[in-house]
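Note that the numbering runs from 1 along the sequence shown for the chain. For ligands, and for the atoms within them, numbers begin at 1 and follow the listed sequence.
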Amino acid sequence: MRTLRLSAADADDVKQAADILRHGGLVAFPTETVYGLGANAMDAEAVRRIFAAKDRPTWDPMIVHIASRDALPLVAARVPEKCLRLADAFFPGPLTLLLPRSTNIPPEVTAGRDTVGVRMPGHEIARRLIAESGVPIAAPSANRFGHVSPTTAEHVLADLDGRIDAVLDGGSCTVGVESTVLDALSEPPRILRQGCITKERIEEVIGPVEVYQPPVSAAPPESLPAPGVGLRHYAPLTRLVLIEGGEEAMQLEAARHVRPGSLLPNGWNVRGTFFEWGKWGDWDMLAQRLYAGLRWLDGQNADAILAPLPPAEGLGNTLRDRLFKAAK
Ligand code: TXA
Ligand code: MG
């Protein structure tokens, strides 16, 4: 299969991408978090193609993307009051809400679960594409299963060229890490995957929430509340070494390697090759550049990638979560 390159800046290209989706094809498209690999969420056959293109296990449910809140009754059997308040506060944006699944959404999408993850992306082109396709769009991140999520069209092609119908190039994603996944149907509500909508911000809207900790045991993934989120994930091929203790600790670790490669905050001095990550303390910027840095360093023939761990607060927790999973 030849993968078409389409441009998000060209209205005809966006239309063409929407046509492909409407006719059961696969289109990778930009969102504010990471690129998604989309298919018509109401077409079980199209959804099966996503699993095949990504080599994704069928027990891992997908998020359904909508262009406006008007589509909520189409994808969800009902929307509890608490979830409506969350949608008021955070839609459109990088929050995925679990809702009772509507029978319009085939069980393939949700891996047989009776909940469906629903998200209305903040990215304007993503919403235009979904609106023009006329259907809700199932979309996991547009990478091979377990690999680093893509934040540019080039990243998508590096993983999926020849396996999908088209990629809509909209440049770099602005958030850079996947959406927060929240189960507000359980009591207390649980964050299943941390993201840039932090625990603190959610608690301002609905009160106390828990952060789900995936078990360390080898429980079968299909038995878990969030099957995909506890796995080694977002992972480069080169071994990743995580470092607490800042610049000095990184210098000590670098001395132990022949060819170290570092995810390096601006102004830090560590020997070896490095990706200029951004200003330490500017967690938004570091989140935005994390996956590009991991992918770039993975191509540098380093014997290890060294990364400093941000402090465990706010978005720092999300960065730590992704780094721990990438280092598993
Ligand atoms: O930012 C994002 O969320 C991106 C963009 C494309 O929207 N999408 C994304 O999808 O990261 P994916 O499939 O790579 O990650 C979704 C995670 C999976 O680990 C899955 O296990 C969990 O969300 N998930 C989805 N639906 C679920 C459900 N009904 N119940 C429990 N977990 C669910
Ligand atoms: Mg993913």
Side-chain angles (χ1 to χ4, degrees), residues 26-39 41 47 50-51 53-66 75-77 90-102 105 107-123 125-127 129-130 136-151 155-156 159-160 167-168 170 173-186 190-197 212 214 221-235 287 291 318 321-322 325-326:
L26 302 188
V27 177
F29 64 98
T31 80
E32 73 279 27
T33 57
V34 300
Y35 275 70
L37 177 58
V47 166
I50 295 184
F51 285 102
K54 285 193 52 144
D55 295 322
R56 181 178 173 107
T58 51
W59 46 253
D60 200 3
M62 291 179 194
I63 296 170
V64 171
H65 297 68
I66 56 176
V75 299
F90 300 115
F91 280 13
L95 177 71
T96 296
L97 283 178
L98 295 203
L99 294 170
R101 175 174 67 92
S102 151
I105 302 299
E108 280 81 357
V109 173
T110 64
R113 288 165 188 252
D114 53 14
T115 59
V116 56
V118 180
R119 160 160 136 76
M120 178 171 153
H123 197 293
I125 299 291
R127 288 204 307 280
L129 174 70
I130 300 163
I137 298 296
S141 52
N143 50 279
R144 292 284 190 111
F145 184 70
H147 196 197
V148 181
S149 288
T151 56
H155 295 163
V156 172
D159 275 24
L160 298 174
V167 58
L168 185 62
C173 301
T174 52
V175 172
V177 292
E178 303 81 353
S179 63
T180 305
V181 177
L182 178 64
D183 178 358
L185 303 172
S186 65
R190 278 197 296 193
I191 293 175
L192 298 178
R193 180 175 70 185
Q194 303 185 81
C196 101
I197 308 286
Y212 166 69
E222 49 274 51
S223 72
L224 301 177
V229 309
L231 305 175
R232 172 180 159 88
H233 216 157
Y234 321 110
Y291 291 148
T318 301
D321 169 73
R322 299 305 192 276
K325 279 171 191 161

Problem - V181, L192, V64: member with heavy atom nearest to atom 23 (O) of ligand 1 - result: V181
Practice task
Considering the heavy atoms of T33, write down every atom of ligand 1 situated less than 4.0 Å from one of them.
Solution key: 1 (O), 2 (C), 4 (C), 5 (C)
Exercise for the section: Look at the side chain of E32 and the backbone N and O of G122, then say whether any donor-acceptor pair between them is shorter than 3.5 Å. Expected result: yes
Exercise for the section: Could you check which of H123, K54, R193 puts a non-hydrogen atom nearest to atom 17 (C) of ligand 1? Expected result: R193
Practice task
Nearest heavy atom to atom 12 (P) of ligand 1 wins, so pick from C173, S141, P94.
Solution key: S141
Exercise for the section: Not counting sequence neighbours, which residues clear side-chain hydrogen bond (donor to acceptor under 3.5 Å, both in side chains) with T180? List them please. Expected result: none
Handout entry: R119/E178 salt bridge by N-O under 4.0 Å criterion
Key = no
Exercise for the section: Would you check whether H65 has a nitrogen or oxygen atom less than 3.5 angstrom from a nitrogen or oxygen atom of ligand 1? Expected result: yes
Handout entry: Donor-acceptor contact below 3.5 Å, side chain H147 vs main chain N143
Key = no
Exercise for the section: Quick one: look at D60 and ligand 1, take heavy-atom pairs under 4.0 Å, and tell me if it's side chain, backbone, both or neither. Expected result: side chain
Completion exercise
Judged by heavy atoms only, the candidate from P61, A139, S179 nearest atom 8 (N) of ligand 1 is A139
Exercise for the section: Below 4.0 angstrom from a heavy atom of G36, which ligand 1 atoms are there? Numbered from 1 as shown, please. Expected result: 6 (C)
Exercise for the section: Would you check if S179 and L95 make a side-chain contact, meaning some heavy-atom pair closer than 4.5 Å? Expected result: no
Practice task
Determine yes or no for a side-chain-to-main-chain donor-acceptor pair under 3.5 angstrom, with R56 supplying the side chain and P61 the backbone.
Solution key: yes
Problem - Considering all heavy atoms, the nearest A41-V109 contact - result: O-CG2, 3.5 Å
Problem - Atoms in ligand 1 with a heavy atom of T115 nearer than 4.0 Å - result: 28 (C), 29 (N), 30 (N)
Exercise for the section: Decide whether the shortest distance between a heavy atom of L98 and an atom of ligand 1 is less than 4.0 Å. Expected result: yes
Handout entry: Results of side-chain hydrogen bond (donor to acceptor under 3.5 Å, both in side chains) for T110 - residues two or more places apart only
Key = none
Handout entry: K54 backbone acceptor or donor facing R144 side chain under 3.5 Å
Key = no
Exercise for the section: Check S149 against ligand 1 and report side chain, backbone, both or neither, counting heavy atoms closer than 4.0 Å. Expected result: neither
Handout entry: Short N or O distance, Y35 and ligand 1, threshold 3.5 Å exclusive
Key = no
Practice task
Pick whichever of G195, P121, P225 has a heavy atom sitting closest to atom 31 (C) of ligand 1.
Solution key: P225
Handout entry: Side-chain (R101) to main-chain (I105) donor-acceptor, under 3.5 angstrom
Key = yes
Handout entry: contact_flag R56 ligand 1 heavy-atom lt 4.0 Å
Key = yes
Practice task
Return yes when at least one N/O/S atom of S149 is nearer than 2.8 Å to the Mg ion (ligand 2), and no when none is.
Solution key: no
